[in-house]
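Working notes, structure below.
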Amino acid sequence: MTEIRKHYFLNEYCILASGRAKRPQDFIKDDARSRRPAKDCPFCPGNETMTPPETAVYQLNSGQSWDVRCFENLYPALSPPDGHHEVIVETAKHDASPADFTDVEMELMVDAYQDRFNFYAHKASILYVSLFKNHKREAGASIAHSHTQLIALPLRPSELERERDVIKQLDRCPYCSITKEESGSSRVIFEDQTWIAFAPFYSKTPFEVWVIPKRHINNITCMDSSERTSFSRIFRDLLRSLKVVLDDPPYNYHFLQTIDEDYHLNIRILPKLSIAAGFELNTGIYILTVPPEDAAGFLRGV
Ligand SMILES: [Zn+2]
Ligand SMILES: [Zn+2]
């Protein structure tokens, strides 16, 4: 049995090929990764001179000189005057990742995200700030120590432009509609008064998760304090569920958000479990081997 599924509001499709449906354990690889020892790690405390000087640090009452540390990327994808490329090391602990964070550690990371996004988004020549995390080498992380990246661009990404062209034709915000349509559905993983996290009906990869605030806000700096607390918990718990269900898979997550135009903040988590091959490159259609409804069930069960 196969099923063609359309994106919520774009003319994009995926194919659900449930005949080859997989269970989480089918994705788990024997992972003989060689982690760089902490003493050589440029992101560990004590090795700060191995990176450019910090642009910001954030502290808990941990006695550490920093708990989150930001600096310009040593090998930037973009550098001034074209743009900026910053690294946000979210933890001083070499082997931790956000899935392991305590409530306060997660809130500090979200603080840093808000602050650094805000700092770059308002610069005169900047039209978009890309905030994203690559977890593990298979997902593009070149350094094992957990970190997020921020690239401030002098242009608007075509992905977002494409969405906004469609959204302009609609009577109401599609993301507001999605939060209502998905509320209580079999695809929901976590939901409260302020946020919904679900495996989207149209997914590009098995175990893809979208996290959307129920209130129509443009970016993470617009969260009120209860939205911020709730987001920290839900986001950490999602990453923890993925870690448990898929044995710490590689993943990417990224924020879609704006400051100057009306758009509904949304965050996408994409585990790196399949590779885009010939068919995907030829058609832009993704073949999905785990129904989102099943993925949500596995992640909810943790
Ligand atoms: Zn380290
Ligand atoms: Zn909306």
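Order of appearance sets the numbers: ligands from 1, and atoms from 1 within every ligand.
- Within H216, ND1 is the N, O or S atom that lies nearest to the Zn ion (ligand 2).
- Under a cutoff of 6.0 Å and an axis angle of 45°, R116 and F119 form a cation-pi pair.
- Looking only at N/O/S atoms, H94 comes nearest to the Zn ion (ligand 1) through ND1.
- The side-chain tip of R5 points at the ring of F201 from less than 6.0 angstrom away and within 45° of straight on.
- Looking at H264 and the Zn ion (ligand 2) together, the shortest N, O or S contact belongs to ND1.
- Our summary of the site lists the angle at the Zn ion (ligand 1) between SG of C44 and SG of C41 as 120°, to the nearest 10 degrees.
- Between C173 atom SG and C176 atom SG, the angle centred on the Zn ion (ligand 2) amounts to 120° (nearest 10°).
- Side chain of T205 to backbone of L270: no donor-acceptor contact under 3.5 angstrom is found.
- Counted within 6.0 Å of NZ on K243, heavy atoms from surrounding residues, nucleotides or ligands total more than 12; the atom is thus considered enclosed.
- Remark: side-chain polar atoms of E107 are not paired, donor with acceptor, to backbone N or O of T229 under 3.5 angstrom.
- Atom ND1 is the N/O/S atom of H145 found closest to the Zn ion (ligand 1).
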